[in-house]
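Structure first, then comments.
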Amino acid sequence: MTPEELSAAITTCLHDAAAAGELNVPAEALPKEVRVERPKSREHGDWATSIALQLAKPAGVPPRTIAQLLSTRLEQIDGVAKVEIAGPGFLNIILDAAAAGELAKSIVESGEAFGTNAAMAGTKINLEFVSANPTGPIHLGGTRWAAVGDSLARIFLAQGADVTREYYFNDHGNQIDKFARSLLASAKGEPAPEDGYGGEYIVDIAQAVVNAHPDILSAEDPQEEFRAHGVELMFASIRESLHEFGVDFDVYFHENSLFEDGAVEKLLEQLKGSGHMYLKDGAWWLNSTDFGDDKDRVVIKSDGNAAYIAGDIAYFKNKRDRGFDLCIYMLGADHHGYVARLKAAAAAMGDDADRVEVLIGQMVNLVKDGTPVRMSKRAGTVVTMEDLVEVVGTDAARYSLARFSSDSNIDIDLDVLTKRSNENPVFYVQYAHARTCAVGRNAEAAGVDRSAFDAGALSHATESELLAVLGQFPGVVAQAAAYREPHRVARHLEVIAGAYHRWYDACRVTPMGDEAITDVNRTRLWLNDATRQVLANGLGLLGVSAPERM
RNA sequence: GCGUGAGUAGCUCAGCAGGAUAGAGCGUCCCUCUCCUAAAGGGAAGGUCGCGGGUUCGAAUCCCGCCUCGCGCACCA
């Protein structure tokens with residue numbers, strides 16, 4: 001029995017009690033779903049709910065009275081062994097061992113599907129992340145979004161959503177011009193321009209362009225040649241890094257394509273009458289203040305050229321035209337001022353601003369010897385995705401970036417990561433998975449199989465604990481999707497790994513020496529395999545491998 | 001100044017969609033491998049949950065004020 005199933009049963013009890021007149025509460029005070037939680041202390045049962053405390057006020061009855069009448073109904077639930085009223089009115093629920101143990105079997109039978117559901121079925125989501133300018137390699141900040149974004153995509157998919165991972169490729173405008181000038185300067189053997197890029201990769205790319213096009217410096221417009229070929233090389237390099245990192249985008253959208261055929265201009269003409277744009281001082285403005293912005297933003301400059309935001313509007317329209325119900329943008333904290341603009345862009349299109357959802361993630365800092373190091377693309381002191389992967393490997397890199405809340409700044413100390421790579425929690429979880437595999441191999445060799453299942457045999461304290469945390473997995477994934485917080489999955493895997501290690505220590509699957517194989521051994525194998533399945537499913541949601549041996 | 005995120009154990013961070021005695025990893029100190037992987041487990045020590053008010057049966061969690069730190073506040077992209 002999963003907590004969701006129990007929760008649903010309790011909700012039914014509550015509504016039945018209200019319908020029977022035992023409970024006089026206004027309909028709006030009755031929760032649609034009664035939440036159960038895992039008590040911190042085992043003395044408080046397998047699951048507990050504080051619903052009686054919450055309803056005391058609206059019902060005008062002491063909480064323990066409500067608890068009393070609910071407990072008699074709760075005890076009728078199939079699989080509930082006992083209900084206790086504790087403290088001010090908590091309902092502590094004890095499941096019978098068999099009902100709890102059944103979960104092991106159902107997890108194994110569900111296989112990869114355990115933890116998935118159809119809650120988001122029919123929702124077409126465009127998830128845009130990374131979207132780093134193609135003027136250099138992906139640095140640590142982008143790497144964080146690659147890990148978190150790809151994981152979020154996997155979590156959405158597990159909830160049945162139709163997800164497109166998208167990378168917005170800014171190949172239009174100033175930054176790219178600087179990039180092209182920097183390449184040209186490098187090829188000529190000149191120092192990098194004042195406001196250009198000076199990293200080593202510039203030299204490499206410039207060299208690669210020259211190698212492929214030996215006559216390029218005598219071309220009619222060499223800077224334009226360097227722009228075209230350089231962006232292509234940079235783009236290929238970024239895609240390759242991402243691929244190595246296990247992140248493959250479904251769409252790489254080129255900003256330039258929005259401008260090429262004059263579509264942006266045409267669109268802006270139409271929007272002038274939308275009511276969200278107005279003319280002032282010779283420029284066309286978007287009323288982004290209506291969406292929480294500090295000030296309205298210029299869309300068409302007084303010189304007639306489109307401002308950057310014009311591309312955003314056209315891009316949003318493009319996404320909607322492709323049929324997306326929800327457009328999610330993952331941005332770094334240094335771009336959080338864009339939220340209102342993007343929402344206003346949707347409104348300008350006459351669309352619902354809720355179609356746009358912006359997730360803001362805090363910065364990643366590089367730390368050396370305990371002090372922060374400023375990363376600068378120009379100075380060439382950036383740590384790239386490739387650097388990180390080279391030092392710690394893809395699994396550790398992805399896991400350690402995805403296990404933190406995006407609201408927290410994180411510090412990466414390459415020295416610490418190198419020196420103590422075994423301390424990364426990813427190994428704790430992966431080791432637990434490898435251990436389940438080892439136990440499975442030994443069981444098979446000893447002749448223990450899954451030919452029998454006696455749910456009541458899983459009665460050890462570590463077994464009920466393990467079953468409980470396995471049962472929480474689907475709810476954790478659903479919450480991770482609802483709150484767009486992949487780190488919840490990682491944290492829960494650490495909890496499961498801990499529960500498994502403790503169980504392993506206390507309960508053997510394969511009998512010792514010449515002891516006979518019993519149904520207890522066979523049943524435990526189910527639990528072992530169920531744990532393996534959940535760990536593998538969870539690691540899969542994070543894009544981290546689940547090794548069979550370590 | 002305005003907006004926004006953070007402040008929880010020595011360190012790195014969960015918990016914040018109100019619940020019972022505030023957690024994990026690492027670090028420190030004790031234990032546990034003749035048989036399933038010790039990359040593990042058990043125990044100890046370690047906390048004014050930034051500060052001050054408020055809301056209520058109950059606040060790390062919600063509200064208000066303040067302090068400190070990060071990020072952002074262009075007719076740039």
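Side-chain atoms are counted along with the backbone in the values below, which use heavy atoms only and exclude waters and symmetry mates. Because the structure is a prediction, the values reported are computed rather than measured. A, B, ... follow the sequence lines: proteins, then strands. Residue 1 opens every chain.
Using atom C1' as the reference point in both B:U28 and B:G10, the two lie 9 Å apart (nearest Å). Straight-line distance between the P atoms of B:A17 and B:C64: roughly 14 Å, to the nearest whole Å.
A:Cys507 is listed as a side-chain neighbour of A:Thr462, based on a closest heavy-atom distance under 4.5 Å.
Among the nucleotides B:A39, B:G19, B:C75, the one closest to any side-chain atom of A:Met550 is B:A39.
Between the OG atom of A:Ser7 and the CZ atom of A:Arg35 there is a distance of 9.5 Å, given to the nearest 0.5 Å. Here the straight-line distance linking atom NE2 of A:His254 with atom CD of A:Glu260 works out to 9.5 Å at 0.5 Å rounding.
When Watson-Crick and G-U wobble pairs are counted only if both distances are under 3.5 Å, B:U37 pairs with no nucleotide at all.
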Walk along nucleotides 3-12 of chain B from 5' to 3' and tag each nucleotide B, S or - by protein heavy-atom contact under 4.0 Å, base first, then sugar-phosphate. BSSS-----S
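Residue A:Asn442 places at least one side-chain N or O closer than 4.0 Å to OP1 or OP2 of B:U37.
In this structure, A:Glu444 reaches neither bases nor backbone, as no heavy-atom distance under 4.0 Å exists between it and the strands shown. Among the protein residues, A:His172 comes within range of the sugar-phosphate backbone only, with heavy atoms under 4.0 Å from sugar or phosphate atoms but none that close to a base. Counting any heavy atom pair closer than 4.0 Å across all strands shown, A:His44 reaches a base atom. Using a 4.0 Å heavy-atom cutoff across all strands shown, A:Glu43 reaches at least one base atom of the nucleic acid.
Residue ring and nucleobase are stacked for A:Tyr504 and B:C36, with a centre distance beneath 5.5 angstrom and an angle between planes beneath 30°.
Judged by distance alone, with hydrogens and angles left aside, A:Arg488 brings a side-chain donor or acceptor within reach of the base of B:A17, the pair sitting under 3.5 Å. Remark: the A:Tyr431 side chain and the B:U37 base include a donor-acceptor N/O pair separated by less than 3.5 Å.
At most 12 heavy atoms of other shown residues, nucleotides or ligands fall within 6.0 angstrom of atom CD in A:Glu265.
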